[in-house]
Amino acid sequence: MSTATTPAHRYDAALANTIEDKWQAAWAKAKCWRAINPGEAQFDPSALRFFCMDMFPYPSGAGLHVGHPVGYVGSDIISRFRRMHGDNVLHPMGWDAFGLPAEQYAIQTGVHPRTTTESAINTYRRQLQRFGFSYDWDREIATIDESYYHWTQWIWLQAWSSWYDTTCDKARPIDELVRSLESGKYCIDDSGSLALRTPGESDQSWNDLDAQTQRDLLDEHRLAYLGEQTVNWCPKLGTVLANEEVIDGKSERGGHPVVRRGLKQWMFRITAYAQRLLDDLNGLDWPQSTRTQQAEWIGRSEGAELYFPLAESGDSIHVFTTRPDTIFGATFMVLAPEHPLIDAVLAQPPSGCDVESVRDYVEQARNRSDVDRMAEQKDKTGVFSGLWAINPATGGSIPVWIADYVLMGYGHGAIMAVPGHDDRDAAFAQRFELPIVEVVQPPAGAEHDGCFTGTGTAINSASGDLSINGMQTDEAKAAVIAWASKGGHGRGLTTWRLRDWLFSRQRYWGEPFPIVFTRDGAAWPISAAALPVVLPDLSDYTPVETDDPQPLLGKATDWVETTAGEAGVDPELLPPDTPVRRETNTMPGWAGSCWYYLRYCDPKNDKALIDPEVERYWLGSTETSDGGVDLYIGGAEHAVLHLLYARFWHKMLFDLGHVTSNEPFRTLFHQGMLTSYAWKRSDGSLVPVDEVDADAQVERATGEQVERIIAKMSKSLRNVVNPDEVIAEYGADTFRLYEMYMGPLEASKPWNTRDIVGVYRFLQRVWRLAMNEESGEAVTIDAPVDETERALHRMIAKVSEDIPKLAFNTAIAAMIEFVNTATQQGGLTSDQLDRFSRVLSPFAPHIAEELRSRLGLDGFCSTASWPTWDDAMLQDDTLELPVQIKGKVRGRIEVPANADPATVETITLADERIAELLNGATPRKVIVVPGRIVNIIP
RNA sequence: GCCGGAGUGGCGGAAUUGGCAGACGCGACGGAUUCAAAAUCCGUUUCCCGUUCAGGGAGUGUGGGUUCGAGUCCCACCUCCGGUACCA
């Protein structure tokens with residue numbers, strides 16, 4: 001690049017890269033980014049804490065993508081800004097490193113996932129460090145480290161050792177439950193569930209139960225428990241698959257057959273927390289869309305369960321409905337194909353039952369996943385069961401059908417069908433010619449086509465002991481619930497969409513569960529002192545192909561088959577020589593990310609997951625916050641799962657006294673997605689970006705006209721940008737500025753390589769403003785220019801306001817304007833340059849340090865104080881105000897900045913041009929908005 | 001279908017929450033510099049009419065409304081993006 005004519009000290013890519021390396025080394029050496037914990041010598045209790053965290057990445061082999069740094073640059077700017085205000089800033093980074101890709105790679109190559117993962121981590125760390133992010137690297141964590149997953153396992157054991165006490169609405173240690181049962185404070189009621197003791201004849205005494213029964217009862221109440229689940233099992237891949245990984249009954253990867261089958265899996269009782277997870281959303285400073293998504297995912301639904309007796313047996317069908325008021329319109333019932341009653345039907349078919357059809361239908365439905373069932377949407381299928389039920393309100397007989405539009409996993413897996421007021425029931429009734437009765441009168445003027453599903457007035461709804469005619473929907477609901485409760489026909493009930501969390505995987509590359517089984521199937525915990533249970537090495541990562549699900553860890557036979565003593569079970573629980581089998585499932589990828597924010601606070605603690613005093617300091621409540629991470633930045637794609645799971649773990653730890661705040665992330669911000677331009681042919685197909693002449697908008701090979709569209713970056717479109725290349729060409733400061741200057745942080749926006757040069761030129765202008773390009777020495781003027789000084793104050797004020805709002809694009813625009821003004825005005829004094837470089841430093845920290853150092857100042861911009869501004873300097877003595885006549889700008893006037901409205905009006909009307917336009921008429925009204933505008937109504 | 005978010009120049013985007021629409025940047029055009037180019041600097045750049053100047057008109061997805069004044073508020077609609085989807 002450099003030629004004889006290029007000045008020796010021009011700010012170009014080579015210089016940028018040189019100074020960036022230099023300052024990164026200097027910051028690291030000085031440990032500029034170290035956060036101070038309470039208890040450390042330099043700890044300053046008067047400093048505000050600021051815990052600012054990025055969602056940690058999963059380090060993939062492909063390296064960092066330009067989309068990753070968008071949020072990281074943002075969090076870095078505000079962290080640096082807060083540090084310059086003297087705050088104690090905790091800004092850490094780590095690695096979400098267990099997961100599938102490394103394991104898939106291991107299957108193909110035999111390379112241990114740890115090897116690939118660690119190499120990917122090294123790449124990511126090197127790339128991140130190259131951006132000059134101010135992470136406290138001494139607090140770096142990786143979920144795959146034994147010292148980390150030690151505590152992941154410990155938390156799981158906490159859950160296994162706890163139960164949810166609904167009487168005080170919190171989790172408690174299960175030992176306390178045992179003591180309460182032994183002392184008789186709690187007892188087991190008839191149905192086998194726990195109840196507060198109200199001494200009665202039928203109560204079973206806990207102490208009379210045999211050990212096995214006692215254990216089973218306790219196991220049923222643990223927050224982490226073994227439960228039977230229907231899963232997608234792929235024999236060929238040797239693993240269960242998520243619903244999204246199954247397409248048309250085949251695995252997405254490889255197209256192997258998938259069967260639905262029951263499997264004992266570790267579960268988390270997240271449903272116990274449903275109400276709190278919902279309620280506490282209100283106290284969070286989170287994007288509304290994310291809060292809504294979580295609320296919908298939790299899916300609280302108020303209604304009633306109603307009992308419909310069968311015509312010819314003593315049984316009844318329990319249904320859940322949100323519209324008990326429509327019970328008079330229930331003309332048939334529908335069972336999910338998995339409903340337990342169907343087995344009884346097949347065993348003893350009623351007279352009207354076509355056994356073959358029912359068997360076929362149920363069999364077919366069973367092998368289709370929920371996702372497949374839903375794919376068909378409108379086309380309702382079903383079969384008559386032969387059963388008849390009694391509508392308890394009308395007393396009439398109604399047929400019971402079986403159809404897969406009713407899901408076993410929600411409510412009771414059975415519904416009362418009201419085809420008059422439910423779209424799905426209406427479609428089904430039409431298809432199978434079932435009767436439709438209207439029982440809700442729409443309010444006057446309500447528009448609807450087909451069936452009316454809104455609220456209105458009950459009609460046709462009266463029988464012997466119940467009449468709700470004329471009632472509004474809400475009143476009618478309450479009346480039906482009251483009637484049902486009194487007559488034993490049902491009761492009010494709230495159901496949730498949220499299911500318990502399936503927490504085991506048959507994979508290798510995850511945290512082992514700290515638990516073992518004796519021959520009788522009983523589970524025994526590994527004692528806390530024996531943690532971590534270390535993931536054993538395997539020589540072969542290929543899944544076992546089998547119909548009987550077998551996790552990969554089953555291959556480590558020596559590890560699996562062991563003794564209680566070897567595994568670390570407390571000898572008081574089991575004699576050390578007892579043969580035991582280790583749990584071979586592993587935890588899912590979410591586990592490590594559920595609590596990593598806690599570990600950042602105290603990453604090297606080997607006595608506890610976090611020291612209580614440290615926890616209170618970084619995460620406890622303060623004058624301005626109810627506690628939790630002060631700012632958490634990451635993608636909206638984690639709106640539900642990660643953020644919900646982490647909230648659940650946090651609440652569990654809160655109940656058990658390990659954390660002091662009720663929520664983990666007080667303020668959440670989603671950075672927007674980076675898209676890229678792509679090209680589309682007229683037939684809609686996409687053309688790789690390097691096969692298009694962008695200026696002419698034609699495809700090179702064919703000369704065909706193509707249209708520019710915005711698409712996600714993807715390998716196939718060849719529109720992925722590698723950050724390393726951008727840094728090599730412009731430097732990290734330019735990269736940082738570009739990503740922040742593109743637009744609002746939260747907006748998704750297209751990467752446009754051509755635009756980068758704009759901020760690059762800005763940095764070059766900054767450099768030339770302050771440096772002699774020939775000598776490399778600072779050039780400053782002696783006396784400040786008033787206009788420049790005012791511009792500087794305006795700029796500092798603007799940037800100081802914008803950074804806390806994460807409005808970085810406008811902050812940068814303000815800096816550009818200032819530099820343009822300063823250049824026109826002939827330069828800066830060294831004092832002005834010092835202040836400017838400090839404002840610039842959160843955004844472009846390396847060039848800012850270089851300017852400071854060449855000015856001859858000591859220390860770092862990064863640890864200097866943030867410059868102040870004087871409000872008096874923000875305004876000029878006189879203002880130019882636009883004058884509107886009837887809302888259109890017709891002229892301008894000069895007024896003193898402090899002029900009162902009456903004076904402004906006088907000046908306006910005295911203005912020659914305004915008077916001319918008014919043509920001598922006296923205006924009806926003059927509106928003066930101080931400092932803004934004058935509007936005349938003639 | 002439902003729930004969010006957004007529609008502003010050739011492009012990315014500004015607009016103190018009702019007060020000069022288009023800040024800032026890219027691109028484009030013109031000029032200076034240069035043997036020439038790159039780089040840099042200066043100027044122009046929403047559109048239309050007028051076109052030296054002056055000036056005039058239209059304009060923030062569409063149609064209505066409120067207001068002295070609307071990109072911003074209200075009503076109806078259109079389009080795009082994200083999420084979700086037989087949840088009874």
Side-chain angles (χ1 to χ4, degrees), chain A residues 1 3 5-7 10 12 287-293 295-297 299 301 303 319-323 326 334 336 370-371 373-380 403-407 409-418 422-425 427-428 495-497 636-637 639-640 672-673 675 677 695 708 710 737-738 741-744 746-759 761-762 764-765 768 773 798 801 807 809-810 812-817 820 823-824 880-889 892 923-938:
Chain A
M1 274 301 262
T3 66
T5 52
T6 307
R10 167 150 298 176
D12 57 14
Q288 182 56 50
S289 61
T290 299
R291 280 161 42 192
T292 306
Q293 275 185 60
E296 285 174 357
W297 185 265
S301 181
V319 301
F320 174 74
T321 177
T322 52
R323 292 295 299 270
T326 61
V334 184
D370 287 354
V371 172
R373 283 201 210 171
M374 292 173 202
E376 280 145 43
Q377 297 249 359
K378 293 261 147 46
D379 292 342
K380 296 277 182 289
D404 66 4
Y405 81 91
V406 174
L407 307 175
Y410 187 78
H412 293 65
I415 60 161
M416 64 173 205
V418 184
D422 181 285
D423 288 326
R424 298 150 300 176
D425 297 344
F428 192 83
T495 57
W496 303 83
R497 204 187 90 116
E637 66 273 19
V640 176
M673 195 179 48
T675 54
Y677 292 117
D695 289 322
R708 193 173 79 165
I710 288 174
L737 277 179
Y738 173 61
Y741 190 57
M742 292 170 80
E746 68 275 20
S748 92
K749 51 223 159 212
W751 178 277
N752 192 356
T753 302
R754 198 160 71 173
D755 288 345
I756 301 173
V757 73
V759 284
R761 286 179 193 151
F762 163 63
Q764 290 185 318
R765 286 200 299 277
R768 259 197 310 276
E773 290 192 306
K798 174 73 176 155
E801 280 166 20
N809 53 332
T810 48
I812 294 168
M815 289 191 285
I816 294 174
E817 273 184 282
N820 292 346
T823 304
Q824 278 157 22
E880 196 187 61
L881 288 188
V883 179
Q884 294 183 331
I885 295 175
K886 271 174 59 179
K888 288 197 185 303
V889 179
R892 286 160 197 291
R924 276 198 294 143
K925 198 173 176 189
V926 177
I927 296 155
V928 176
V929 184
R932 300 244 64 115
I933 204 164
V934 181
N935 194 7
I936 300 171
I937 327 301

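Keep in mind that this is a model prediction, so the values were computed, not measured. Every chain is numbered from 1, with letters handed out A, B, ... down the list of sequences.
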Can you tell if the side chain of A:Ile927 reaches within under 4.5 Å of the side chain of A:Ile933, non-hydrogen atoms only? no

A:Thr675 versus A:Tyr677: any side-chain heavy-atom pair under 4.5 Å?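 No, their side chains stay 4.5 Å or more apart.
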
Can you see if the side chain of [X] gets near the phosphate of [N] - specifically, an N or O under 4.0 Å from OP1 or OP2?
{"X": "A:Ser289", "N": "B:rC3", "answer": "no"}
{"X": "A:Gln764", "N": "B:rU40", "answer": "yes"}
{"X": "A:Arg497", "N": "B:rA88", "answer": "no"}

Would you indicate what [X] reaches in the nucleic acid, counting non-hydrogen atoms under 4.0 angstrom: base, sugar-phosphate, or nothing?
{"X": "A:Pro287", "result": "nothing"}
{"X": "A:Glu296", "result": "sugar-phosphate"}
{"X": "A:Asn809", "result": "sugar-phosphate"}
{"X": "A:Lys749", "result": "sugar-phosphate"}
{"X": "A:Gln884", "result": "base"}
{"X": "A:Phe428", "result": "nothing"}
{"X": "A:Arg765", "result": "sugar-phosphate"}
{"X": "A:Ile415", "result": "base"}
{"X": "A:Glu801", "result": "nothing"}

Side-chain donor or acceptor of A:Asp755 under 3.5 Å from a matching atom on the base of B:rC26? no

What about A:Arg892: does its side chain form a donor-acceptor pair under 3.5 Å with the base of B:rC20?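 Check passes, donor-acceptor contact within cut-off.
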
Under a cut-off of 3.5 Å for both distances of each Watson-Crick or G-U pair, what dot-bracket string does RNA chain B give, using [ ] for crossing pairs and | for inter-strand pairs? (((((((..(((......[....)))((((((.......))))))((((.....))))..(((((..]....))))))))))))....

Results of ring-ring contact (aromatic ring centres under 6.0 Å, His included) for A:Tyr738 - residues two or more places apart only: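 For A:Tyr738 the ring-ring contact (aromatic ring centres under 6.0 Å, His included) partners, ignoring immediate neighbours, are A:Trp751.
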
